[in-house]
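Here the structure is laid out as structure tokens; the discussion comes afterwards.
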Amino acid sequence: MKRLMGMLSVAGSSRAVTPVVIGLFFIIYIVVAFFTDETLIALMELTRKSVILTALLALIPLSCVLRMVRDILRHLKLRRALAGNMTPVSAELFDETVELSPLSDTSSLEGRLQSLGYRTGYSNGVLSAWRGVTLLPAQLLFSAALCCFFTGVILTTTLRSSDRRMVIEGESMPTPGGVGGAVERISLTTSTGPILAKELTMEVGGANSGQRKAVFGLYPPSLHGGAFVYPRYIGISLHLRFFSPDIRSGYENHYTLNTFPPGKEDSAVIPGTPYRIIFSIPPSDSGGDRYISYMTGNFPLQFKLLKGSEAVFTGNAAVGSSFAKEGYRLELLDARRLVVTDFIRDYGVFFIWAAGILFIGGGCVWLPIRLFFPRRELLFAGGPGPVRACSRAEGKARTHGELFHETLDFAEGTVTGSGDV
């Protein structure tokens, strides 16, 4: 049983686990692509419903954890070996192990290694030499980053939920868990950033008097009521009253219209009648920013009344005014800006952000060490019999290997045996 667990541990900590699992999902992705155009969404939904695929994806973070444990244990064994506390020396810890004849004098060998810039130590018949800094912290950061990333992918795939709401200026902020404070202002301004041309913000007052006002923008997404706030579309909430020769009592209702950007049309259907009114915001005539009317909030509305497929009349009017013609009357009582917003509960995002930070941290640690302070280690474990000479390098391996063999020639004059032991 112990042997079986050891084999599973070795297999699970293998670096091949990640590319193999990704490759299997890539094959599934190709197969799914033959049946749908929304391949990625379909693959996520398939993974969400399949315990086998979810477990397969979970092998990656599990492998990362096992790899971190393996790297830490290996590092501790190396430290014990260099300190002379490990007998016999395990050859699997080193890149190369060579057997020498017993050394008559280690002081001259130690002096030579010190002259080459290595720090040395001698304990329990073991002469060790080393220089540089270990890459273990960077390796642990990279493994932790990979673990966090795929943990986030699993959480996003299996537990993510989305709820689309209308955020209307002047009304309470809707959330999946109830309502928040009043939406004080929705603004669209020219962006000063290098990427987006416009900057959309939603200013929401606190639900209680002691709470601070919250401001939500396009990016980065903000948390509100336990969900991420993702603005999607801009439009208007229109309050109108309509009269016609066959609806003398009038019809009054609120409509949410997707009429942004200016010039885009959306319709309001009068239920139980053949009437439909098509609305749009005319672009600005000033020759400048065509969104200026929406940005200031002083936008007129252009409309067309249809009875069935027949156009009855067209016209335009400012919000707060009315338009009458041939027994028809349209009153535009109020119009407010709105944002169609997705409230998404997705706790995998935290892990993905953490993965990004860990990847950056690992790169900042790895690069200078790998370029300027690579870890290189030599060990000569002696005793009454032959001496084992071991070499290991985390960078500049060729230079270190040449030095290792020169040191062997210096120690013995001729290498009596070579190869892995």
Side-chain angles (χ1 to χ4, degrees), residues 160-240 253-264 266 268 279-284 286 288-301 318-321 332-347 349-350 352-353:
R160 183 178 184 271
S161 63
S162 179
D163 189 7
R164 179 161 291 184
R165 303 291 182 94
M166 300 288 183
V167 178
I168 302 174
E169 198 172 42
E171 298 187 8
S172 296
M173 177 81 163
T175 64
V179 295
V183 181
E184 297 179 356
R185 186 167 180 259
I186 294 175
S187 61
L188 183 69
T189 58
T190 302
S191 175
T192 57
I195 300 177
L196 300 176
K198 301 296 177 185
E199 184 174 344
L200 174 69
T201 56
M202 299 182 293
E203 300 177 10
V204 181
N208 302 318
S209 57
Q211 291 182 340
R212 298 175 57 186
K213 181 171 68 174
V215 179
F216 304 98
L218 289 174
Y219 192 85
S222 304
L223 269 176
H224 185 70
F228 289 99
V229 180
Y230 288 91
R232 295 301 188 190
Y233 311 105
I234 303 174
I236 61 172
S237 174
L238 179 63
H239 182 196
L240 63 80
N253 202 355
H254 289 83
Y255 289 90
T256 56
L257 304 174
N258 184 11
T259 55
F260 187 87
K264 184 177 180 179
D266 198 3
F279 289 96
S280 65
I281 302 173
S284 174
S286 62
D289 194 334
R290 67 192 185 106
Y291 302 152
I292 191 67
S293 60
Y294 188 91
M295 294 164 66
T296 59
N298 299 319
F299 48 84
L301 287 176
V319 176
S321 64
L332 305 180
L333 303 177
D334 187 24
R336 301 179 183 182
R337 285 171 290 202
L338 69 82
V339 179
V340 180
T341 305
D342 287 342
F343 293 87
I344 298 177
R345 294 186 183 273
D346 184 1
Y347 298 107
V349 171
F350 295 111
I352 293 174
W353 287 353

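Because the structure is a prediction, the values reported are computed rather than measured. Numbering of residues begins at 1 and proceeds along the displayed sequence.
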Legend entry - Within-4.5 Å side-chain heavy-atom neighbours: Val339 and Val183: no

Legend entry - Heavy-atom pair with the smallest gap, counting every atom of Ser162 and Ile344: OG-CG1, 3.7 Å

Please list every donor-acceptor pair under 3.5 Å in which a side-chain atom of residues 225-234 meets a protein atom from a residue at least two apart or in another chain.
residue : atom : partner : partner atom : Å
Arg232  : NE   : Asp342  : OD2          : 2.9

Inset, instruction - Kindly write out the residues that satisfy ring-ring contact (aromatic ring centres under 6.0 Å, His included) with Tyr347, not counting sequence neighbours, or none if the list is empty. - result: none

Legend entry - Residue list, ring-ring contact (aromatic ring centres under 6.0 Å, His included) with Phe216, at least two apart or on another chain: His224

Legend entry - Heavy-atom pair with the smallest gap, counting every atom of Glu171 and Arg336: CG-NH1, 3.6 Å

Inset, instruction - Could you tell me the separation between the CD1 atom of Ile168 and the CD1 atom of Ile186, rounded to the nearest 0.5 Å? - result: 8.0 Å

Inset, instruction - Would you please test Leu338 and Glu169 for side chain to side chain contact (heavy atoms under 4.5 Å, CB included) and show each step? - result: CA-CA 6 Å; Leu338 69 82; Glu169 198 172 42; over 6 Å; no

Inset, instruction - Starting at CG of Leu238, measure out to NE2 of His254 and round the result to the nearest 0.5 Å. - result: 8.5 Å

Legend entry - Nearest heavy-atom neighbours spanning Ser187 and Thr201: OG-OG1, 2.5 Å

Inset, instruction - Specify the closest pair of heavy atoms between Pro174 and Phe343, including all atoms of both residues, with the distance to one decimal. - result: O-CZ, 2.9 Å

Inset, instruction - Give a yes or no answer on whether the side chain of Asp266 reaches the backbone of Leu257 with a donor-acceptor pair at less than 3.5 Å. - result: no

Legend entry - Note, Arg165 side chain near Thr341 side chain (heavy atom, < 4.5 Å): no

Inset, instruction - Would you give the length of the straight line joining atom CD1 of Ile236 to atom CG of Asp334, rounded to the nearest 0.5 angstrom? - result: 10.0 Å

Legend entry - Side-chain heavy atoms of Val167 within contact of Val204, under 4.5 Å: no

Legend entry - Distance in Å, Met202 CE paired with Glu184 CD, rounded so as to fall on 0.5 Å steps: 13.0 Å

